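So you know, we letter chains A, B, ... as the sequences are listed, proteins then strands, and number each from 1. Computed from a prediction, not measured in an experiment: that's the story for all the values here.
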Amino acid sequence: MADDSFLNDLPKQYDHAAAQEKWYPFWEEQGYFHSEPNPDRKPYTIVIPPPNVTGALHLGHALNNTLQDILIRQKRMQGFETLWMPGTDHAGIATQAVVEKRLFLDEKKTRHELGREGLVARIWQWKDAYEKRILGQLKEMGCSCDWQRTRFTLDPVCARAVRHTFFSLFKEKLIYRGNRLVNWDTHLQTAVADDEVFHETVPGHFWHFRYPVIDLEPGEPTHVTIATTRPETMLGDTAVAVHPDPETTLEGVIAGLKDRLASAPAKEKPDLEKELAAAEKRRETHLPLLIQLRDMAKAGRKLMLPLVNREIPLVADEWAKPELGSGCVKITPAHDPNDYEVGLRCALPMVNILNPEGTLNANAGPYEGMTILDARKAVVASLEEQGLMMEVEDRIIELAHSDRSKTPIEPYLADQWFVKMDHLAQTAMDAVTDHRVRIIPERYTKTYLDWLREKRDWPVSRQLWWGHQIPIWYCATATEKELEAAFAGRDDVVWYRDEEQDQWLICVEEEDLAEDAVPGHTLTREQDVLDTWFSSALWPHSTLGWPEENEALKYYYPTSVLITSRDIISLWVARMVLAGLHNCGEVPFPDVYIHPKILDGYGEGMSKSKGNGVDPIDVMEKFGADSMRFGLAYITTESQDVRMPVEFECPHCQALIEQTKKNRVQPRVKCKKCDGEFSTQWAEKPEDKALPRGPVVSERFEFARNFCNKLWNASRFALMNLEGYVPGPVPEEDLTVEDRWILSRLATVTAQVTDALAAYKYADAARTVYDFAWNEFCSFFVEMVKTRLQEETSRPVAQRVLAHTLDTILRLLHPMIPFLTEEVWQMLGKIAPQRGIAALCDAAPSIMVAPWPEADTERQDDQIEAQFACFQDVLKAVREIRSRQNVPPKKEIEFSVRCEASYADLVRPLEPYFLSLATARATGWGPEIAAPALSANVTLTGVEVFVDLADLIDVEAEITRKEDEVGKLEKLVAGKKGKLANANFVERAPEAVVQKERDALADLESQLAAAQSVLEKLRDRK
RNA sequence: GGGCGAUUAGCUCAGUUGGUUAGAGCGCUGCACUCACAUUGCAGAGGUCACUGGUUCAAAUCCAGUAUCGCCCACCA
């Protein structure tokens, strides 16, 4: 006898917190998350996109990880040996920046006061704290990662992979060092990548000033005028450029404008005309001067750079646009990307005027030591003093800022390390074009290929302390012979001569080199660390222990799918593909699924800096992990990003306060309902921090919470009614119509959910099972089974079908709703340990390891489904009449149905259910049924439902309703008639479509006739 | 500047290869709480599918253009 005492204590509402606390540790103890290579099963592997240890997870992470766990759990149930590899990313610059910021805020200390070791130790502490928090959040979400394999991009296993990769790229000469212009973050004192730079518009000025011409000859201009938004950079100017062919270029511009004007729409013409007039005027005013200057440039003439009194050449270069400004442009190769290119083309010296921390260096002469802004003021003042300053315009400037420190970026010349991309990029492109890697949705392949096509070399060095230090040692003094002697017999050391710097670059594969590794010489190690993406690029194989040849790597690599967001397709996905191909000779994954982005109610991305970010922990506390997961899966459609309006929840009265662009950046917000105040993430002052915190939540998860609760209660009903359950096969003839209907639908739904998940159609899977569980299982099957459970004879079969159907629904939902399904599974196992209709199965000890349902296609029965649909139609008609006639719920009514005899035969077996589902009793079925004298009526296709309510009926209401119905039907009939009267349609449309329309017309006409006849009767009786 | 995507009910979204009277959830209206569930049930109202053209017997769906919004990439002395 099963112990079912727990049934008395089941709460009416699903207690998500209790279930989560109970089952996650259980799964862990059972070792279900852990995977080992198993030759008897196929592997299914996902590596987590490692979250940055900079902070806690946000809702985007919750979505990303939910989608991964859904696949992992499903595949595990399908019998794959599943590995979900978890881990975190050290996120070099981002993490160092937050820790430095904290250090300064809390202790007023800079990293220089702590030193490299001290700071790195602090960052490890930070990492430990946040890694714990991140992994904790994943566990709370129910993620079934193999925690025993947890990796960190900076741990020894990953470090070894980084060293080996760097070494082999260096050996193949795919890594080089060069003096290049980089985006310099003067605050963090490091180069940052292009993608770590954002632009912000700020008000600024556009200064026009002039440089004197040296050795002036008669008829020549005394000065050359140039303009800039950054006048202090003139200290680093090494030339002024003018276009080599201003005549043709200007003519070209004018011709182009004329062409455009000819074909432009009227509303753009005035602007174009203005532009053309300006260009033509310029031909008169500027061109002669530009030609003269060009000739002077070709003659090698020089200008005097004021303030620092340096002679600089006038050069001819196409970068100077004759149609813009004065037509001349100052060239500062060390501090501007375009000027840098000009500098290379014209072999100009590159004068760096900046110190790493953003002050001016000795090259700036009298301005040495000043900050950029101070120098700017001083330079402007000096130029004015010397009468060289012309006009000053106000101008809005798009200023580059560092994403990490939020301070302005300075273009800066520095020694940097690069990975040569031409060949590597090509391999990554080929992998996608020949479909070894498939990107889903497909449109993102364009993003991927477009970026790779540029094949821009990848700058991989960062002047940071937190990261993989570049394994290069420098030696300027040794000879090649000495190196050969020192590293004789070692194939883990290679060296090249750096001609630019006149020194040896020595790279070693694994062990660090000692200072005195080359006798008689001192080696110094490169201080820079590698770009974070360098280690992330190796993630799919480094986590499996590469370069070590081990069983896990062989078994799990390549992984099965990568699930990520679109903003890192180029940064990460492309680099993983090329690194995987380079290191392992195989793509890292055959599929890349790009999921939607979660936006707020204004259509903006969520971020901490906007204050609209939702913390998954808050969502789970309010709705439960199951609801969050289901809600996220439900919105994951292929086509679209998703808007999720967010609200503050008042901690005093739980009222929801709409988030506006205004209040979401305030440190405190007042509740509109209870007037209580609460703090937000912006609270910094003690008086704000003292207030209770108002979490940012979204009501979008409510429907999922309701669904979970519905399931919980349906399960509760089933459990409470399985008393005396005896397992056993059910003979086919014992199945009722509703049994066969639900089993048919169950087979279809099982197939649909399985197919949807295989195609990454999460929303389809979620919607399908939601509709089935709620609208078919709960609303019909459970309701209908109630009466059968009351009777001894029908009870056993009813119980078996009920248990089996619930069992299958639970398994279909488990990947999305893991905790609730396990909770019910365990209870169901106690009462009904063996389940099934034809063949019996012992319930698995956990739903996590239960087999994924197979669609029982033999049970799919269109006829039964059609029969059931008829029943549902009539039931709905009866309910509608009840409702619109305001019949009290407990009052029993009678109805009759005029229909074909065959229709009557279909529905009659289900006749008793009209009583339990609509408190209604059928008095007659068939073609001979006559309309009662006074009736409420619903007309269906070939079917009329009558309720004789004699003196209770609200005749007036029925007349109005019927009139509306007749009007509507008349319109439809007219529409159809028109369509069929169109010879074109009848001739050209496929016969089947035409026939369909004819049938529809006939049907509508009969409905109309029926409705009219009822209406007439009602009018007569009035 | 280049590319990608979106625009369907008050809100958030579905809508297969063009083909019945365009759907769901929330919200709204009415009715109903001993009987699994009020986080519920039953019923109802609510849409010129952004706009303008085109293709077609037939367009929410295909094509072109316009408008608005979002995202990515590049660039701006």
**Message:** Heavy-atom count check: over 12 atoms from other residues, nucleotides or ligands less than 6.0 Å from A/Glu442 CD?
**Reply:** no

**Prompt:** Just how far, in rounded Å, is C1' of B/C11 from CG of A/Leu656?
**Reply:** 15 Å

**Message:** Do A/Arg210 and A/Leu383 have side chains that approach each other closer than 4.5 Å (heavy atoms only, starting at C-beta)?
**Reply:** no

**Message:** Between A/Glu958 and A/Gln885, is there a side-chain donor-acceptor contact under 3.5 Å, judged purely by atom types and distance?
**Reply:** yes

**Request:** Would you classify A/Arg456 as touching base, sugar-phosphate or nothing, given that sugar-phosphate means primed atoms plus P, OP1 and OP2, and contacts are heavy atoms under 4.0 Å?
**Result:** sugar-phosphate

**Prompt:** Going by atom types only, do A/Asp999 and A/Gln995 share a side-chain donor-acceptor pair under 3.5 Å?
**Reply:** yes

**Message:** Quick one about A/Asn713 and A/Tyr14 (side-chain donor to acceptor, distance below 3.5 Å, no hydrogens or angles considered), yes or no?
**Reply:** no

**Message:** With nearest nucleotide decided by heavy atoms, which residue, A/Ala320 or A/Asp567, maps closer to the 5′ end of RNA chain B?
**Reply:** A/Asp567

**Message:** Counting the atoms with a prime plus P, OP1 and OP2 as sugar-phosphate, which does A/Gln790 contact under 4.0 Å by heavy atoms, base, sugar-phosphate, or nothing?
**Reply:** nothing

**Message:** Work out how far the P atom of B/G2 is from that of B/U8, and round it to whole angstrom.
**Reply:** 27 Å

**Request:** Determine the Euclidean distance between corresponding P atoms of B/A24 and B/U56; express it in Å to zero decimal places.
**Result:** 35 Å

**Name of the residue among A/Leu63, A/Val642, A/Asp764 meeting side-chain contact (heavy atoms from CB on, under 4.5 Å) with A/Thr636** = A/Leu63

**Prompt:** Considering only B/A77, B/G3, B/A36, which nucleotide approaches the side chain of A/Lys446 most closely?
**Reply:** B/G3

**Asked** Among the nucleotides B/U12, B/A77, B/A24, which one has an atom lying closest to any side-chain atom of A/Arg700?
**Response** B/U12

**Request:** Please determine if A/Arg566 forms a cation-pi arrangement with A/Tyr444, meaning its NZ or CZ atom is less than 6.0 Å from the six-membered ring centre and no more than 45° off the ring axis.
**Result:** no

**Prompt:** How would you label the contact of A/Cys708 with the nucleic acid (heavy atoms, under 4.0 Å): base, sugar-phosphate, or nothing?
**Reply:** nothing

**Prompt:** Looking only at atom C1', what distance separates B/C28 and B/A67, rounded to whole Å?
**Reply:** 31 Å

Atom pairs, protein N/O to nucleotides 18-22 of chain B N/O, distance under 3.5 Å:
from	atom 1	to	atom 2	distance (Å)
B/U20	O3'	A/Lys976	NZ	3.0
B/U21	OP1	A/Lys976	NZ	2.1
B/U21	OP2	A/Lys976	NZ	3.3

**Prompt:** To the nearest angstrom, how far is A/Lys890 atom NZ from B/C31 atom C1'?
**Reply:** 13 Å

**Request:** Assign A/Lys786 to base, sugar-phosphate, or nothing according to its heavy-atom contacts below 4.0 angstrom with the strands shown.
**Result:** base

**Message:** Under 3.5 Å, is there a donor on one side chain and an acceptor on the other for A/Thr233 and A/Lys330?
**Reply:** yes

**Request:** For B/U40 and B/G54, measure between their P atoms and round to the nearest Å.
**Result:** 49 Å

**Request:** Do nucleotides 39-47 of chain B as a string where each nucleotide becomes B, S or -: B if the base has a protein heavy atom under 4.0 Å, S if just the sugar-phosphate does, - if no protein is that close.
**Result:** BSSSSS---

**Fill in**
A/Asp641 atom CG is separated from B/U7 atom P, nearest whole Å, by 12 Å

**Request:** Could you work out the separation of B/U68 and B/C75 based on their C1' atoms and round it to a whole Å?
**Result:** 25 Å

**Prompt:** With sugar-phosphate meaning primed atoms plus P, OP1 and OP2, does A/Thr637 contact a base, only sugar-phosphate, or nothing at under 4.0 Å between heavy atoms?
**Reply:** sugar-phosphate

**Message:** What is the separation between atom CD on A/Glu987 and atom P on B/U56, rounded to the nearest whole Å?
**Reply:** 16 Å

**Item:** A/Lys786 to A/Phe717, cation-pi by 6.0 Å centre distance and 45° axis angle
**Value:** yes

**Item:** Positive for side-chain contact (heavy atoms from CB on, under 4.5 Å) with A/Cys328, one of A/Thr225, A/Leu303, A/Val224
**Value:** A/Val224

**Prompt:** What is the distance from CG of A/Leu452 to C1' of B/C73, rounded to the nearest Å?
**Reply:** 13 Å

**A/Tyr770 versus A/Asn775, side-chain donor and acceptor atoms under 3.5 Å** = no

**Complete:** Pairing string of RNA chain B (Watson-Crick or G-U wobble, both atom distances under 3.5 Å; | = paired to other strand) is (((((((..((((.....[...)))).(((((.......))))).....(((((..]....))))))))))))....

**Asked** Under the ring-ring contact (aromatic ring centres under 6.0 Å, His included) criterion, do A/Phe777 and A/Phe772 qualify, and how do the steps go?
**Response** CA-CA 6 Å; A/Phe777 179 66; A/Phe772 174 70; 7.0 Å; no

**Donor + acceptor pair across side chains of A/Asn937, A/Lys962 (<3.5 Å)** = yes

**Asked** Heavy atoms under 4.0 Å, any strand shown: does A/Arg882 hit a base, just sugar-phosphate, or nothing?
**Response** nothing

**Prompt:** Roughly how many Å is it from CG in A/Asn721 to P in B/C37, rounded to a whole number?
**Reply:** 11 Å

**Request:** With C1' as the reference atom in both, quote the distance from B/G19 to B/A58 in angstrom, rounded to an integer.
**Result:** 7 Å

**Prompt:** Whole-Å distance between B/C75 C1' and A/Glu454 CD?
**Reply:** 12 Å

**Asked** So does A/Glu318 have more than 12 non-hydrogen atoms from other groups sitting under 6.0 Å from CD?
**Response** no

**Asked** Heavy atoms under 4.0 Å, any strand shown: does A/Val642 hit a base, just sugar-phosphate, or nothing?
**Response** sugar-phosphate

**Request:** Considering only atom P, compute the distance from B/G30 to B/G65 and round it to an integer number of Å.
**Result:** 50 Å

**Complete:** Assign each of A/Tyr770 and A/Met720 the nucleotide of RNA chain B bearing its closest heavy atom; nearer the 5' end lies the nucleotide of A/Tyr770

**Whole-Å gap separating C1' (B/A36) and CE (A/Met784)** = 17 Å

**Request:** Please state the P separation for the pair B/U66 and B/G3 - nearest whole angstrom.
**Result:** 13 Å

